[in-house]
Protein chains: 2
Amino acid sequence: MAEQAETLRRTPLSRDRVLRAAVTLADEAGIESLSMRNLAQDLGVVPMALYKHVANKDELLDGMIDMVVGEIDPPAPDTDWKRVTRERILSARKVLLRHPWAAIAIESRNEATPALLGHLNSMVGTLREGGFSTDLAHHVMHAMGSRMLGFSQELFDASRRAGRSGTTEPDPPAAFPAEAAAQFPHLAAIATAASHDDTSVVGQGCDDQFEFEFALDLLLDGIERLHQQGWTSSRPPR
Amino acid sequence: MAEQAETLRRTPLSRDRVLRAAVTLADEAGIESLSMRNLAQDLGVVPMALYKHVANKDELLDGMIDMVVGEIDPPAPDTDWKRVTRERILSARKVLLRHPWAAIAIESRNEATPALLGHLNSMVGTLREGGFSTDLAHHVMHAMGSRMLGFSQELFDASRRAGRSGTTEPDPPAAFPAEAAAQFPHLAAIATAASHDDTSVVGQGCDDQFEFEFALDLLLDGIERLHQQGWTSSRPPR
DNA sequence: ACCTGAACACCGTTCAAGT
DNA sequence: ACCTGAACACCGTTCAAGT
């Protein structure tokens, strides 16, 4: 990273170069290491020079978010709303896993950025082309953003949040301590029952991709059922 | 709040009093106003006095989270897993709406706190008592924590995040500007189609509670179906 | 032994002085 | 006109000096 700064020192700053460096810094060192001062140092520049390209740190974060959202695949040219939506969501997931700081950064901002609105808009477009009423499409979009537990369980993984330490080897599996197993027997049971892995381990023992697709298909199948029934909010199923 | 500090100045500090004041401060002024120094001032105490009761700010946040999790209703004495789970999730939602900073705070920590583990454990317990295999219960818990869009759409509401300004009147509805409607026609369409409200407004026009229960029932109905079919991950439905 | 002021190593951002 | 060093108003936390 130091050599990179060396190479680029003389090339002029630009908003794009600032944002790109910020994303790299957050990816590699963690979002808590992203300060205007650290970022300037990475770019071989005095801190105040950044303010020529971003108004302040909030705008920097917005720009970073838009850069990440731009990595999501565009909708495939396909008429099957279910397949298109599924692939789009899985693409977004891949992007968010590449940039572990991004999901929380997006949630922490209180206005959606333009790129994010564009992404959501095209997701709704896919549903509309699939024959969804605006009414049902509306509720579906909300459902996609809901978290029943109030937080995303996937995020309980230290190795994800902290910056990658250069190497890509996974963390050593954290054992489920015996005392915790006694206190939380049900959690211990489902941790060990994870059939796709054979260890008595939480977190590391779960196949996150499997779990994600499980939830995704649960939702998509339910949505498909409502869609086929011609569901409207004025005529709810229950 | 100043008078409160006055009243309590002489009563000795305790971990509980520190945590309680921290939750109040975050609720009223927003999580970004929660600094060790501000908190100490609210308590009429020198900043360093806090460190007698919490090791550092991270531990303070953990304590605040546990305090909030403690507000979630215990499971009702009922044998119907679906009703119990539904009520529990709605109770958690109410708690998280009372403490707008809490959801993001929980996601930002990378280890679950003891109270949170206890809550999750009892949720799994409800499923097990309802006849769920540990396998299915495991996947269900993951599904409950999943967010298809990578972020929770509910959180795009400035009035939620920023501290309450004393008054409880809602923010004036933010209009969906014409230029945005042209750029994001599908979003504009679903915003206006929100049948439970009659305005051309995003955010304010949505009945969040309705949307939450829509998603919740979509998931619960799908889960019930899998449960009745005796679903296991070695014999998936698709 | 306990408490706490000052100090340290950071922040984001303003502003005035330099070119 | 542009650039930037110093300064301001904050952080969390350490540590040594006070009682």
Side-chain angles (χ1 to χ4, degrees), chain A residues 1-2 5 8-19 21-26 28-65 101 104-105 108-111 113 161-163, chain B residues 1-2 5 8-19 21-26 28-65 101 104-105 108-111 113 161-163:
Chain A
M1 202 147 49
L8 299 176
R9 181 151 309 165
R10 289 283 150 60
T11 57
L13 266 197
S14 67
R15 185 180 158 88
D16 192 72
R17 217 155 80 66
V18 169
L19 295 181
V23 168
T24 302
L25 176 57
E28 293 181 353
I31 191 72
E32 74 285 350
S33 299
L34 178 77
S35 69
M36 299 302 273
R37 287 160 131 108
N38 281 345
L39 176 57
Q41 194 176 356
D42 271 17
L43 285 162
V45 125
V46 85
M48 284 312 300
L50 301 175
Y51 286 82
K52 175 68 84 16
H53 302 98
V54 290
N56 48 43
K57 195 178 179 182
D58 276 358
E59 207 201 77
L60 175 74
L61 282 167
D62 280 349
M64 292 167 67
I65 289 170
W101 48 271
I104 286 177
S108 300
R109 315 231 41 67
N110 41 29
E111 299 284 350
T113 63
R161 187 80 27 70
Chain B
M1 203 151 47
L8 299 174
R9 182 152 306 163
R10 289 283 151 59
T11 57
L13 265 197
S14 66
R15 185 180 158 88
D16 192 72
R17 219 154 79 68
V18 168
L19 295 181
V23 168
T24 302
L25 176 58
E28 292 181 354
I31 190 74
E32 74 284 351
S33 298
L34 179 76
S35 69
M36 299 301 274
R37 287 159 132 106
N38 281 345
L39 177 56
Q41 195 176 355
D42 272 17
L43 285 162
V45 127
V46 86
M48 283 313 300
L50 301 175
Y51 287 82
K52 174 69 86 10
H53 301 97
V54 290
N56 49 43
K57 194 178 180 180
D58 276 358
E59 207 203 75
L60 175 73
L61 282 167
D62 281 349
M64 292 167 67
I65 289 170
W101 49 270
I104 286 178
S108 300
R109 315 231 40 70
N110 41 29
E111 300 283 350
T113 63
R161 187 80 28 70

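Numbered from 1 within each chain, the chains take letters A, B, ... in sequence-line order.
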- Just how far, in rounded Å, is C1' of C:dT4 from CG of B:L13? 13 Å

- Across the strands shown, which category fits B:N38 at heavy-atom distances under 4.0 angstrom: base, sugar-phosphate, nothing? sugar-phosphate

- Query: Within this structure, what is the CG-to-P distance between A:L60 and C:dC11, rounded to whole angstrom?
  - Reply: 14 Å

- Query: Rounded to the nearest 0.5 Å, how far does CE of A:M48 lie from CZ of A:R37?
  - Reply: 10.0 Å

- Message: Please report the interatomic distance CE(A:M64) to OG1(A:T113), rounded to the nearest 0.5 Å.
- Response: 12.5 Å

- Message: Measure CG/B:L39 against P/D:dC11 and give the value in whole Å, please.
- Response: 11 Å

- CG of A:L50 versus C1' of C:dT13: gap in Å, rounded? 12 Å

- D:dC11 -> Watson-Crick or G-U wobble partner, both distances under 3.5 Å, gives none

- At under 4.0 Å between heavy atoms, what does B:M48 touch on the DNA or RNA strands: base, sugar-phosphate, or nothing? base

- Message: If you compare every side-chain N and O of B:N56 against the phosphate oxygens of D:dT14 (OP1, OP2), does one of them come in below 4.0 Å?
- Response: no

- Note on the structure: Whole-Å distance, B:M36 CE to D:dC10 P, equals 18 Å

- The Watson-Crick or G-U wobble partner of C:dC2, with both key distances under 3.5 Å, is D:dG18

- Please give, in whole Å, the distance from D:dC11 C1' to B:I31 CD1? 15 Å

- Nearest-Å distance once atom P is located in both C:dG18 and D:dC8: 16 Å

- Look up atom CG in B:D62 and atom CG in B:L19, then write down how far apart they are to the nearest 0.5 Å. 10.0 Å

- For a side-chain contact (heavy atoms from CB on, under 4.5 Å) with A:L61, tell me which candidate from A:N56, A:I31, A:V54 qualifies. A:I31

- Message: Nearest whole Å is fine: how far is D:dG12 C1' from B:D58 CG?
- Response: 10 Å

- Message: So A:W101 and A:E32, do their side chains get closer than 4.5 Å, heavy atoms only?
- Response: no

- Message: Measure CD/A:E32 against P/D:dC11 and give the value in whole Å, please.
- Response: 20 Å

- Message: Closest approach to the side chain of B:R37, judged atom by atom: which nucleotide of D:dG5, C:dA7, C:dT4 is it?
- Response: C:dA7

